[in-house]
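The structure under discussion appears below in the form of structure tokens.
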Amino acid sequence: MVEGAVRGERVPVVQGHRYPVEVISHCVWLYFRFPLSFREVEELMLQRGVVVSHETVRRWCAKFGQAYADGLRRRRPRPGDKWHLDEVFVKINGVRQYLWRAVDQDGNVLDILVQSRRDKAAARRFLRRLMKKTGAVPRVMVTDKLRSYGAAHREVMPSIEHRSHKGLNNRAENSHQPTRQRERAMKGFRSVGGAQRFLSAFSGISLHFRPRRHLITAAEHRLEMTIRFTIWDQITENISRAPLDETVTFVDGL
């Protein structure tokens with residue numbers, strides 16, 4: 001049952017779903033923006049009068065999360081010309097894997113990739129994927145002292161300046177913090193594919209709602225968040241609304 005404001009009000013819903021766009025996008029936003037489980041999202045929605053199961057929330061996040069993240073990325077300006085690359089290990093089912101991440105000088109996540117190795121081949125694969133996804137090459141590439149970056153750099157983008165210094169790469173290292181927070185809340189990832197899918201959507205959605213708050217006033221922050229929520233509503237509506245005029249009838253509720 002979908003809870004609403006007025007009996008008999010008819011609103012568009014997503015094709016194949018009986019819930020309106022606003023409910024689906026709100027659940028996806030809650031899950032990717034805050035360290036919540038699917039059951040906690042279910043409870044929050046119940047408090048607002050919307051009856052939806054945690055399994056339905058999980059399916060919505062799997063189906064729409066990446067599409068919403070891609071829509072947000074398309075609305076962003078072109079990435080900066082200074083790229084910071086870093087890798088951290090993550091335990092997936094007790095096996096050590098490596099999460100490769102690239103951000104620009106403004107902290108915008110360019111791409112992430114989960115791999116089993118951190119050798120030259122893994123670095124080369126990540127660099128090629130990164131250039132293909134962004135459609136650009138940087139002016140400067142900053143990494144830590146891992147030699148795999150230098151070897152891959154000489155093959156993939158030898159004309160680009162490469163700065164290898166641990167102290168210069170704090171931008172990329174700091175970008176791992178939200179991922180570590182979610183990893184702890186989720187008690188680890190269960191599979192490599194699941195981690196890749198979640199982190200790819202998470203890096204696009206979570207970052208959109210994390211302006212550099214320490215650099216702006218409270219009033220500027222509220223204005224910026226209002227703008228970002230407006231963009232979110234536009235993107236989720238365009239992606240989620242069905243091409244057919246499918247409707248659902250609301251019942252007494254909020």
Can you measure from [atom1] ([X]) to [atom2] ([Y]) and round to the nearest 0.5 angstrom?
X	Y	atom1	atom2	result
R222	T217	CZ	OG1	8.0 Å
M225	R210	CE	CZ	10.0 Å
W29	T236	CH2	OG1	12.0 Å
I227	I231	CD1	CD1	7.0 Å
S200	D111	OG	CG	7.0 Å
K187	S37	NZ	OG	8.5 Å

- Item | Test side-chain contact (heavy atoms from CB on, under 4.5 Å) applied to V51 and L46, step by step | CA-CA 5 Å; V51 180; L46 181 61; 4.2 Å; yes

Would you say the side-chain atoms of [X] and [Y] include a donor-acceptor pair closer than 3.5 Å?
X	Y	value
H208	R75	no
Q66	D70	yes
S206	R182	no
R73	S203	yes

Test your reading of the model: is there a side-chain donor-acceptor pair from [X] to the backbone of [Y], 3.5 Å cut-off?
X	Y	value
D106	N108	no
Q196	V114	yes
Q105	K82	yes
Q115	A122	yes
D81	P138	no

- Shared hydrophobic cluster for I235 and F229 (ILVMFWY, side-chain gaps under 4.5 Å): yes

- Message: In this structure, would L207 and I216 fall into the same cluster of hydrophobic residues linked by side-chain contacts under 4.5 Å?
- Response: no

Identify the heavy atoms of [X] and [Y] that sit nearest to each other, and give their distance.
X	Y	value
A67	I239	O-CD1, 3.2 Å
F32	G65	CE1-CA, 3.9 Å
L127	M141	CD2-SD, 3.7 Å
A201	A69	O-CB, 3.7 Å
A195	I92	CB-CD1, 3.9 Å
R78	G135	NH2-O, 4.0 Å

- Report the C-alpha separation of L130 and W100 in whole Å, then their side-chain angles, then the decisive distance to 0.1 Å, and conclude whether the side-chain contact (heavy atoms from CB on, under 4.5 Å) test is met. CA-CA 11 Å; L130 184 58; W100 298 70; over 6 Å; no

Would you say that [X] contacts [Y] through its side chain, given a criterion of any heavy-atom pair below 4.5 Å between the two side chains?
X	Y	value
D86	H84	no
L113	R125	yes
Q181	R184	yes
V156	F126	no
L36	L44	yes
M45	L30	yes
V23	V52	no
T143	H162	yes

Look at atom [atom1] of [X] and say whether more than 12 heavy atoms of other residues, nucleotides or ligands are closer to it than 6.0 Å.
X	atom1	value
R147	CZ	no
R39	CZ	no
R213	CZ	no
R190	CZ	no

- Message: Pair W60, Y19 - check ring pair (Phe, Tyr, Trp, His ring centres under 6.0 Å), show working.
- Response: CA-CA 11 Å; W60 287 346; Y19 289 85; 5.2 Å; yes

- Task: Please test E87 against D144 for side-chain contact (heavy atoms from CB on, under 4.5 Å), starting from the C-alpha separation and ending with a verdict.
- Result: CA-CA 9 Å; E87 79 293 332; D144 57 19; 3.7 Å; yes

- Task: Could you tell me how the ring of F198 sits relative to the ring of F202: parallel (under 30°), tilted (30 to 60°) or perpendicular (over 60°)?
- Result: parallel

- Item | Aromatic plane relationship, W232 with F209 - under 30° parallel, 30 to 60° tilted, over 60° perpendicular | perpendicular

- Message: For F89, does the six-membered ring have the charged nitrogen or CZ of R180 within the cation-pi criterion, i.e. under 6.0 angstrom from the centroid and within 45° of the normal?
- Response: yes

- How would you list, by chain and number, every residue that makes a side-chain hydrogen bond (donor to acceptor under 3.5 Å, both in side chains) with R58, sequence neighbours excluded? E55

- Query: Can you check side-chain contact (heavy atoms from CB on, under 4.5 Å) on T179 and R101, steps first, answer last?
  - Reply: CA-CA 11 Å; T179 298; R101 185 191 307 271; 2.7 Å; yes

- Derivation of the side chain to side chain donor-acceptor pair (under 3.5 Å) call for S148 and R117: CA-CA 10 Å; S148 301; R117 298 180 181 274; over 6 Å; no

- Message: Using a strict threshold of under 4.0 Å (side-chain N to carboxylate O), is an ion pair present between R228 and E224?
- Response: yes

